[in-house]
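Encoded as structure tokens, the structure appears first; notes follow it.
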Amino acid sequence: MRIKLLALLSMVSSLNVTTANAQDAFATAKITAQHVSESVHMLSGMGGNIGVSAGSDGLLVIDDQYAPMAEKIAEAVGTLDKSKIKYLINTHYHGDHTGSNAYFKDMQDSTIFAHENVRKRLAEDSELSPSALPVVTYEEGLTFHFNGETIQVMHLPAGHTDSDSVIWFSEANVLHAGDLFFEGRFPYIDLDGGGTVSGYIKNVQSLLTMLNSDSQIIPGHGKLATKADYKTALDMLITTAAFIKTKKNQGVSLDDLISAGLDAKWKDWSWDFITEEKWITTLYNGQ
């Protein structure tokens with residue numbers, strides 16, 4: 001199904017491995033934990049970055065990577081708190097952020113929260129276990145009062161997908177941006193999943209107004225970041241999108257734009273999954 005195919009392609013591309021040895025990559029992948037602030041921790045492994053609130057109220061987890069990573073995630077989270085995961089939030093529907101949903105529902109009786117479009121899109125996959133579906137959905141957002149934190153879950157207009165949420169830890173001054181932030185690299189904008197280039201840019205602009213110089217950001221992919229890092233990403237988004245839009249309006253074809261490429265200063269933003277060619281194509285088709 002499309003969701004599983006997207007997840008597999010994302011993993012395979014980003015790790016530069018073939019489908020045949022993908023399971024070997026899962027077997028050797030490791031989960032690393034990093035304390036961010038107050039009750040908030042960040043876990044990195046294979047797939048989207050995981051946010052964790054661990055404290056006297058228990059465990060709240062944001063995203064859960066791929067299904068084969070579930071036991072490793074559980075083990076890593078267990079080093080922060082021995083209790084079961086009480087609440088699990090999905091930032092959007094992609095398989096590298098929702099793949100372990102069923103495991104945590106079945107094995108730890110976790111309650112899964114997500115925007116209503118996450119449930120709708122996951123439910124389109126007939127091969128997916130019903131346990132993987134969020135059981136609490138919302139239109140605009142909700143608030144947890146948990147581990148001494150005010151944790152705001154906020155749905156944003158279509159950007160990366162049409163199912164995007166971010167999570168703001170008010171006291172800790174930490175934002176989990178989901179895939180509305182690919183730190184230091186071209187982002188994936190899922191045009192088929194309701195994402196838009198203009199919406200992505202507007203969402204980043206909006207989120208930046210919430211932050212200050214001490215804020216920390218858990219990106220969907222990449223290392224722990226700051227407001228300055230997010231501003232740098234926004235500059236790339238605005239500059240490259242404006243360039244492609246201008247050229248497209250002048251009648252330049254997509255093939256010619258790909259041949260010409262972007263300014264050399266954006267060379268290092270290209271990566272295995274979203275190369276310069278793919279980013280130009282996204283900007284051209286997603287205007």
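Heavy atoms only: backbone and side chains are in, while hydrogens, waters and symmetry mates are out. Just so you know, residue 1 is the first one in the sequence shown, and it goes up from there. Source: prediction; values computed, not measured.
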*Taking it one step at a time, do S39 and S53 satisfy side chain to side chain donor-acceptor pair (under 3.5 Å)?*
CA-CA 5 Å; S39 73; S53 174; 3.0 Å; yes
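- In plain terms, the two heavy atoms of G55 and D81 that are nearest each other are O-OD2, 3.5 Å.
- A donor-acceptor pair under 3.5 Å is formed between the side chain of Q108 and the backbone N or O of I85.
- For the pair L191 and T282, the tightest heavy-atom approach, listed with the atom from each and the gap, is CD1-O, 4.0 Å.
- At a threshold of 4.5 Å between side-chain heavy atoms, the hydrophobic network of Ile, Leu, Val, Met, Phe, Trp and Tyr places L224 and Y230 in two separate groups.
- In this structure, the separation between CG on D268 and CZ on R185 is 12.5 Å, given to the nearest 0.5 Å.
- When every heavy atom of I218 is checked against every heavy atom of G51, the shortest pair comes out as CD1-CA, 4.2 Å.
- For D229 (side chain) and T226 (main-chain N/O), a donor-acceptor pair under 3.5 Å exists by modelled atom type.
- Summarising the local packing, NZ of K247 is surrounded by 12 or fewer heavy atoms from other residues, nucleotides or ligands at distances under 6.0 Å.
- Proximity of a side-chain donor or acceptor of T98 to a complementary backbone N or O of N101 within less than 3.5 Å is not detected.
- Residues Y200 and P187 form a side-chain contact, since some pair of their non-hydrogen atoms from C-beta on lies under 4.5 Å apart.
- Annotation: the span from N285 atom CG to I189 atom CD1 amounts to 11.5 Å, rounded to 0.5 Å.
- Judged purely by atom type and a 3.5 angstrom limit, E149 uses its side chain to pair as donor or acceptor with the backbone of E171.
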*Carefully, step by step, assess D235 and K231 under the rule salt bridge (charged side-chain N to carboxylate O under 4.0 Å, His left out).*
CA-CA 6 Å; D235 179 57; K231 284 183 175 179; over 6 Å; no
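- Judged purely by atom type and a 3.5 angstrom limit, N49 uses its side chain to pair as donor or acceptor with the backbone of P219.
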*Quick one: do F113 and Y138 satisfy ring-ring contact (aromatic ring centres under 6.0 Å, His included)? Show the steps, please.*
CA-CA 8 Å; F113 298 76; Y138 51 84; 8.0 Å; no
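- How far CG of D162 is from CG of N117: 4.5 Å, rounded to the nearest 0.5 Å.
- By the side-chain hydrogen bond (donor to acceptor under 3.5 Å, both in side chains) test, S206 pairs with no residue at all, sequence neighbours left out.
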*Please test V136 against T111 for side chain to side chain contact (heavy atoms under 4.5 Å, CB included), starting from the C-alpha separation and ending with a verdict.*
CA-CA 8 Å; V136 180; T111 302; 4.0 Å; yes
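- Using a distance-only test at 3.5 Å, with no hydrogens or angles considered, a donor-acceptor pair links the side chain of D57 to the main chain of N147.
- Shortest non-hydrogen contact noted between L262 and E276 is N-OE2, 3.1 Å.
- Separation of atoms NE2 (H176) and CD (Q216) is listed at 13.5 Å; rounding is to 0.5 Å.
- Transitive grouping of hydrophobic side chains (ILVMFWY, heavy atoms separated by less than 4.5 Å) keeps W168 and I151 in distinct clusters.
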*Which is it for Q152 and S170 under the side chain to side chain contact (heavy atoms under 4.5 Å, CB included) test, yes or no, and what are the steps along the way?*
CA-CA 8 Å; Q152 297 174 273; S170 299; 3.3 Å; yes
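- Nearest heavy-atom pair across I112 and A132 is CD1-O, 4.3 Å.
- Atom NZ of K245 sits in a sparse spot, with 12 or fewer heavy atoms from other residues, nucleotides or ligands closer than 6.0 Å.
- Counting only heavy atoms from C-beta outward, the side chains of V61 and I89 never approach each other to under 4.5 Å.
- The backbone N or O of V252 sits nowhere less than 3.5 Å from a side-chain atom of D256 that would complete a donor-acceptor pair.
- Between F273 and H221, the distance separating the two ring centers is not shorter than 6.0 angstrom.
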*Quick one: do T240 and W266 satisfy side chain to side chain donor-acceptor pair (under 3.5 Å)? Show the steps, please.*
CA-CA 9 Å; T240 58; W266 307 121; 6.0 Å; no
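- The shortest side-chain heavy-atom distance between M69 and F26 falls under the 4.5 Å cut-off.
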*Please test T150 against H145 for side chain to side chain contact (heavy atoms under 4.5 Å, CB included), starting from the C-alpha separation and ending with a verdict.*
CA-CA 5 Å; T150 304; H145 301 278; 4.1 Å; yes
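- Inter-residue side-chain proximity for L59 and V52 is flagged as met; some heavy-atom pair is nearer than 4.5 Å.
- In plain terms, the two heavy atoms of V118 and P134 that are nearest each other are CG1-CG, 4.0 Å.
- To the nearest 0.5 Å, atom NZ of residue K84 and atom CZ of residue F104 are 12.0 Å apart.
- At least one side-chain heavy atom of Y103 sits less than 4.5 Å from a side-chain heavy atom of E71.
- Tracing side-chain contacts under 4.5 Å through hydrophobic residues (I, L, V, M, F, W, Y), one reaches L88 starting from M46; they form part of the same cluster.
- Considering OG1 of T91 and CG of D63, their distance stands at 3.5 Å, rounded to 0.5 Å.
- A side-chain donor-acceptor contact under 3.5 Å links Y93 and D190.
- Checking H97 against N90 by side-chain atom types alone, no donor-acceptor pair falls below 3.5 Å.
- Between V166 and L175, the closest side-chain pair of non-hydrogen atoms falls below 4.5 Å.
- Side-chain contact between H92 and S165 is absent, with no heavy atoms from C-beta onward closer than 4.5 Å.
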*Checking side chain to side chain contact (heavy atoms under 4.5 Å, CB included) for the pair Q205/L208: CA distance, chi angles, key distance, verdict?*
CA-CA 5 Å; Q205 291 172 324; L208 277 166; 5.7 Å; no
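- Other residues, nucleotides and ligands place no more than 12 heavy atoms under 6.0 Å from the CD atom of E139.
- By the 30° and 60° cut-offs, the orientation of the rings of H115 relative to H155 is parallel.
- Classification of the H160-F182 ring pair by plane angle, with boundaries at 30° and 60°, yields tilted.
- Both L257 and M236 belong to a single network of hydrophobic side chains, linked directly or stepwise wherever heavy atoms of I, L, V, M, F, W or Y lie under 4.5 Å apart.
- In this structure, the side chain of D164 engages the main chain of T161 through a donor-acceptor pair within 3.5 Å.
- The cluster map of Ile, Leu, Val, Met, Phe, Trp and Tyr, joined by side-chain heavy atoms under 4.5 Å apart, puts V77 and Y87 in different clusters.
- No donor-acceptor pair under 3.5 Å is formed between the side chain of Q65 and the backbone N or O of I73.
- Distance alone, capped at 3.5 Å, is enough to place a donor-acceptor pair between the W271 side chain and the F186 backbone.
- Counting heavy atoms from C-beta outward, M154 and M210 have side chains that approach closer than 4.5 Å.
- In this model, no donor atom of one side chain and acceptor atom of the other lie less than 3.5 Å apart for N249 and T246.
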